[in-house]
**Q** 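Shown below is the structure under consideration.
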Amino acid sequence: MSVNSKRVFYSNYLANPIYVDILKARPDVRLDRIENGSPEDVYAPILNAAHVYQIGAARDELAPHFHVDATFLKRTPNLLLVSSNGAGFDPVDVEACTDAGVLVVNQSGGNAHSVAEHALAMMLTLSKRIIQSDRRLRRERDVNRNDLVGNEVEHKTVGIIGLGNVGRRIAALCKGLLGMKVLAYDPYLSAEVMAERGGEKVELDELLRRADFVSISCPLDKGSRNMISTREFGLMQPHAYFITTARGFIHDEDALLQALRDKRIAGAGLDVWSKEPPPPEHPLLQFDNVLASPHTAGVTIEARQNMGRIAAEQVLDTLDGKRPPRIINPEVWPRYAERFKQAFGVTPG
């Protein structure tokens, strides 16, 4: 294989510099970078020649014309692989990629521990009313601690929606570390598999009715968009907390706002938003019983390094003709394999 014959590009930033270090060790790979503001005469040749697009997972950090959709794919005739920096892939139209014979992969599992820790931290902070205590102390004198009585989480029930890499880690921490009961809703997993992952399989409505904490850790897709709305918040117990470290649009922000105003739930921990980051005047940020972060659950030094390494290794394995382990659209493989052979003269697998 000739020098720089395999073309990879990314936009704006990578999860970690280790990605560059790993790819630079391969003389047959050329890595290009484009910016949101790059002029067309700079980015057009890069797109035209590219075999791999390492794309950011956060939709609002990426210029719309660099989101992968049918229009974008017309400008990348040689593109074989779209690799998301994270577990999510919001800026990628997977169906359009499948139609074009382009493989889509993510880095699922790479930040699972960090995200699970964040969800757990939100649960504890809300239950112990730490956030309300902090705000009261900063605003008032002679705060009465009896106004800030919290709850222990031991023996409480957590309901986890999505028992994948993150959900199963949340289950392990809640069950093993804190002695909580774990209910789980995941239509893609059997009761046996879910039991192995630490959760009791239940339907969504039952989970919402029984849980003291509802934690979202499923991907955003057509089936999960607006999955938690007015009806679902209405099923939750008044003392229950809603936690999400997954993706915006899985829950309806207006419905959550109304549930908090009506005191139908006790509070919320929100790491993801319909617009990221949310503006300071966002109505959900005005509640003392809402703990907020700007999609930072998976943003740790350890997770970023892990994600960068996984991404680089998966890209190189794919370019070497191997089948990557984290395929989002496996149904595209036959057509992708034909296109790969046309590009590099070998059949992947």
**Q** Between atom CG of L103 and atom CG of L80, what is the distance when rounded to the nearest 0.5 Å?
**A**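 Separation between the atoms: 9.0 Å.
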**Q** Any side-chain heavy-atom pair from S11 and L62 closer than 4.5 angstrom?
**A**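 S11 vs L62: side chains touch.
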**Q** Is there a donor-acceptor pair under 3.5 Å between the side chain of N85 and the backbone N or O of L14?
**A**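 No; zero donor-acceptor contacts below 3.5 Å.
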**Q** Decide whether W273 and M227 are clustered together by the hydrophobic rule: side chain heavy atoms of Ile, Leu, Val, Met, Phe, Trp, Tyr closer than 4.5 Å, transitively.
**A**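 Looking at the clustering, M227 is in the same group as W273.
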**Q** Test your reading of the model: is there a side-chain donor-acceptor pair from N16 to the backbone of N306, 3.5 Å cut-off?
**A**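 Such a contact is absent between N16 side chain and N306 backbone.
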**Q** Check the pair D90, R247 against salt bridge (charged side-chain N to carboxylate O under 4.0 Å, His left out), reporting the backbone distance first and the verdict last.
**A** CA-CA 9 Å; D90 293 12; R247 279 294 185 273; 3.1 Å; yes
**Q** Would you please test T300 and R304 for side chain to side chain contact (heavy atoms under 4.5 Å, CB included) and show each step?
**A** CA-CA 6 Å; T300 62; R304 282 278 176 96; over 6 Å; no
**Q** What is the minimum heavy-atom distance between V158 and A211, and which atoms define it?
**A**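 Shortest heavy-atom contact: C-CB, 4.4 Å.
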**Q** Heavy-atom distance under 4.5 Å between the side chains of T98 and R335, does that happen here?
**A**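 They are not in side-chain contact.
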**Q** Would you list the pairs meeting ring-ring contact (aromatic ring centres under 6.0 Å, His included) in which at least one residue belongs to residues 110-166, sequence neighbours left out?
**A**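 Residue pairs passing ring-ring contact (aromatic ring centres under 6.0 Å, His included), neighbours aside: none found.
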**Q** Counting only N and O atoms by type, is there a donor-acceptor contact under 3.5 Å from the side chain of Q54 to the main-chain atoms of S83?
**A**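 Such a contact is found between Q54 side chain and S83 backbone.
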**Q** Are K181 and E200 close enough for a salt bridge, meaning some N to O gap below 4.0 Å?
**A**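 The answer is yes: the pair qualifies as a salt bridge.
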**Q** Tell me whether D32 is salt-bridged to R7, with the criterion being a basic N under 4.0 Å from an acidic carboxylate O.
**A**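 Salt bridge between D32 and R7, a charged N being under 4.0 Å from a carboxylate O: yes.
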**Q** Taking the six-membered ring of Y10 as reference, does the cationic atom of R33 (NZ for Lys, CZ for Arg) lie under 6.0 Å from its centre and within 45° of its axis?
**A**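 Checked: cation-pi criterion not met.
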**Q** Any idea which heavy atoms bring D288 and Q132 closest together, and the distance?
**A**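 Scanning both residues completely, I find the closest heavy atoms to be O-CG, 3.4 Å.
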**Q** Rounded to the nearest 0.5 Å, what separates atom CZ in R129 from atom CG in L291?
**A**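 Rounded to the nearest 0.5 Å, the CZ-CG separation comes out at 13.5 Å.
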**Q** With salt bridge (charged side-chain N to carboxylate O under 4.0 Å, His left out) as the criterion, how do E95 and K222 come out once you've worked through the C-alpha distance, each side chain's angles and the decisive distance to 0.1 Å?
**A** CA-CA 12 Å; E95 290 185 4; K222 290 181 179 179; 2.9 Å; yes
**Q** Show your reasoning for whether salt bridge (charged side-chain N to carboxylate O under 4.0 Å, His left out) applies to K156 and D212.
**A** CA-CA 6 Å; K156 298 297 192 301; D212 302 297; over 6 Å; no
**Q** Can you check whether F287 reaches L257 side chain to side chain, under 4.5 Å on heavy atoms?
**A**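 The answer is yes, as the side chains (C-beta and beyond) meet within the 4.5 Å cut-off.
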**Q** Begin from the C-alpha positions of R26 and D320 and carry the test salt bridge (charged side-chain N to carboxylate O under 4.0 Å, His left out) through to its verdict.
**A** CA-CA 11 Å; R26 286 284 298 267; D320 288 340; 2.7 Å; yes
**Q** When the ring planes of F9 and Y53 are compared, do they come out parallel, tilted or perpendicular, using 30° and 60° as the limits?
**A**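 The arrangement is parallel - the two ring planes meet at less than 30°.
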**Q** Check the surroundings of atom CD in Q286: do more than 12 heavy atoms from other residues, nucleotides or ligands lie under 6.0 Å from it?
**A**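 Enclosed: over 12 neighbouring heavy atoms sit under 6.0 Å from CD of Q286.
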**Q** Under 4.5 Å between side-chain heavy atoms, hopping through other hydrophobics if needed: is there a path connecting V92 to V105?
**A**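 No, because V92 and V105 fall into different hydrophobic clusters, even though each may have its own neighbours under 4.5 Å.
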**Q** Any carboxylate oxygen within less than 4.0 angstrom of a Lys/Arg side-chain nitrogen, looking at R138 and D134?
**A**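 Result for this pair is yes, salt bridge flagged.
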**Q** For the pair I161 and S217, evaluate side chain to side chain contact (heavy atoms under 4.5 Å, CB included) and give the outcome as yes or no after the intermediate values.
**A** CA-CA 6 Å; I161 298 175; S217 59; over 6 Å; no
**Q** Determine yes or no for a side-chain-to-main-chain donor-acceptor pair under 3.5 angstrom, with S224 supplying the side chain and P219 the backbone.
**A**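 It does hold such a pair.
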**Q** With no hydrogens and no angle check, is any side-chain donor or acceptor of N106 less than 3.5 Å from a backbone partner on A87?
**A**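 Side chain of N106 to backbone of A87, a donor-acceptor pair under 3.5 Å: yes, one is there.
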**Q** Is the side chain of N165 donor-acceptor paired with the backbone N or O of G110 at a distance under 3.5 Å, no angle test?
**A**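 Such a contact is absent between N165 side chain and G110 backbone.
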**Q** For residues N111 and A303, report the shortest heavy-atom separation together with the two atoms involved.
**A**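 What the structure gives for the nearest pair is CB-CB, 3.7 Å.
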**Q** Could you measure the distance from the CG atom of L256 to the CD1 atom of I228? Nearest 0.5 Å is fine.
**A**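 Answer for the CG-CD1 pair, L256 versus I228, is 10.5 Å.
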**Q** Is there a side chain to side chain contact (heavy atoms under 4.5 Å, CB included) between R210 and L183 once you walk through the steps?
**A** CA-CA 9 Å; R210 292 174 57 188; L183 304 178; 3.7 Å; yes
**Q** Are E232 and H251 close enough, and set up right, to give a side-chain hydrogen bond (donor to acceptor under 3.5 Å, both in side chains), and what steps lead you there?
**A** CA-CA 9 Å; E232 288 72 28; H251 71 282; over 6 Å; no
**Q** Please indicate whether R145 has more than 12 foreign heavy atoms, meaning atoms of other residues, nucleotides or ligands, lying under 6.0 Å from its CZ.
**A**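 Open.
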**Q** Treating Ile, Leu, Val, Met, Phe, Trp and Tyr as nodes and any side-chain heavy-atom pair under 4.5 angstrom as an edge, say whether F242 and L207 lie in one connected cluster.
**A**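 Same cluster: F242 reaches L207 through Ile, Leu, Val, Met, Phe, Trp or Tyr contacts under 4.5 Å.
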**Q** For R139 and R135: C-alpha separation, side-chain torsions, deciding distance, then whether side chain to side chain contact (heavy atoms under 4.5 Å, CB included) applies.
**A** CA-CA 6 Å; R139 293 193 303 240; R135 290 172 178 172; 3.9 Å; yes
**Q** If you compare all heavy atoms of Q314 against all heavy atoms of R326, which two are closest, and at what distance to 0.1 Å?
**A**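 The answer is OE1-N, 3.2 Å.
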**Q** Look only at the side chain of H295 and the backbone of V272, and say whether a donor-acceptor pair between them is shorter than 3.5 Å.
**A**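 Looks like no, no N/O pair under 3.5 Å.
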**Q** Tracing side-chain links under 4.5 Å among I, L, V, M, F, W and Y, which residues wind up in one group with I310?
**A**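 Other cluster members: none.
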**Q** Does any N or O in the side chain of N36 come within less than 3.5 Å of the main-chain N or O of A63, such that one atom is a donor and the other an acceptor?
**A**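 Yes, N36 side chain to A63 backbone: donor-acceptor pair under 3.5 Å.
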**Q** I'd like to know whether CD of E35 has more than 12 heavy-atom contacts from other residues, nucleotides or ligands below 6.0 angstrom.
**A**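 Atom CD in E35 is crowded, with more than 12 foreign heavy atoms closer than 6.0 Å.
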**Q** In chain order, what residues pass the ring pair (Phe, Tyr, Trp, His ring centres under 6.0 Å) check against F213, with sequence neighbours excluded?
**A**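 F213 satisfies ring pair (Phe, Tyr, Trp, His ring centres under 6.0 Å) with Y241 only.
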**Q** Got a donor-acceptor contact below 3.5 angstrom from the R264 side chain to the G234 backbone?
**A**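 Pair absent, no side-chain N/O of R264 close to backbone of G234.
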**Q** Just by distance, with hydrogens left out, do D262 and Q258 show a side-chain donor and acceptor under 3.5 Å apart?
**A**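 Looking only at side-chain atoms, Q258 and D262 do form a donor-acceptor pair, the distance falling under 3.5 Å.
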**Q** Less than 6.0 angstrom separating the ring centers of H51 and F344, yes or no?
**A**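 Yes, the ring of H51 comes within the 6.0 Å limit of the ring of F344, centre to centre.
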**Q** Is there a path of hydrophobic side-chain contacts, each under 4.5 Å between heavy atoms, that joins F89 and V82?
**A**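 Same cluster: F89 reaches V82 through Ile, Leu, Val, Met, Phe, Trp or Tyr contacts under 4.5 Å.
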**Q** Determine the minimum heavy-atom distance between L163 and A184, stating which atoms define it.
**A**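 The pair with the smallest heavy-atom distance is CD2-CB, 3.9 Å.
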**Q** Do NZ/NE/NH1/NH2 and the carboxylate oxygens of K74 and D69 come within less than 4.0 Å?
**A**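 Looking at K74 and D69, the cut-off is not met.
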**Q** For the residue pair Y19 and R309, establish whether any side-chain heavy-atom pair is separated by less than 4.5 Å.
**A**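 No; the side chains remain at least 4.5 Å from each other.
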**Q** Does a side chain donor of either T245 or D271 reach within less than 3.5 Å of an acceptor in the other side chain?
**A**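 There is no such pair between these side chains.
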**Q** Are the side chain of S127 and the backbone of L124 linked by a donor-acceptor contact shorter than 3.5 Å?
**A**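 Here the side-chain-to-backbone pair does not exist.
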**Q** Does any part of the side chain of I265, heavy atoms only, come nearer than 4.5 Å to the side chain of P238, both counted from C-beta?
**A**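 No, their side chains stay 4.5 Å or more apart.
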**Q** Which pair of non-hydrogen atoms, one from L73 and one from A100, has the smallest distance, and what is that distance?
**A**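 Looking at all heavy atoms of both residues, the closest pair is CD1-CB, 4.0 Å.
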**Q** Rounded to the nearest 0.5 Å, what's the gap from CG on N289 to NZ on K263? Could you check?
**A**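 NZ of K263 is found 9.0 Å from CG of N289.
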**Q** Please say yes or no: joined through hydrophobic side-chain contacts below 4.5 Å, possibly via intermediate residues, are V94 and F66 part of one cluster?
**A**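 In one cluster with V94: F66, yes.
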**Q** Is there a donor-acceptor contact under 3.5 Å linking the side chains of E206 and Y185?
**A**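 Short answer, no.
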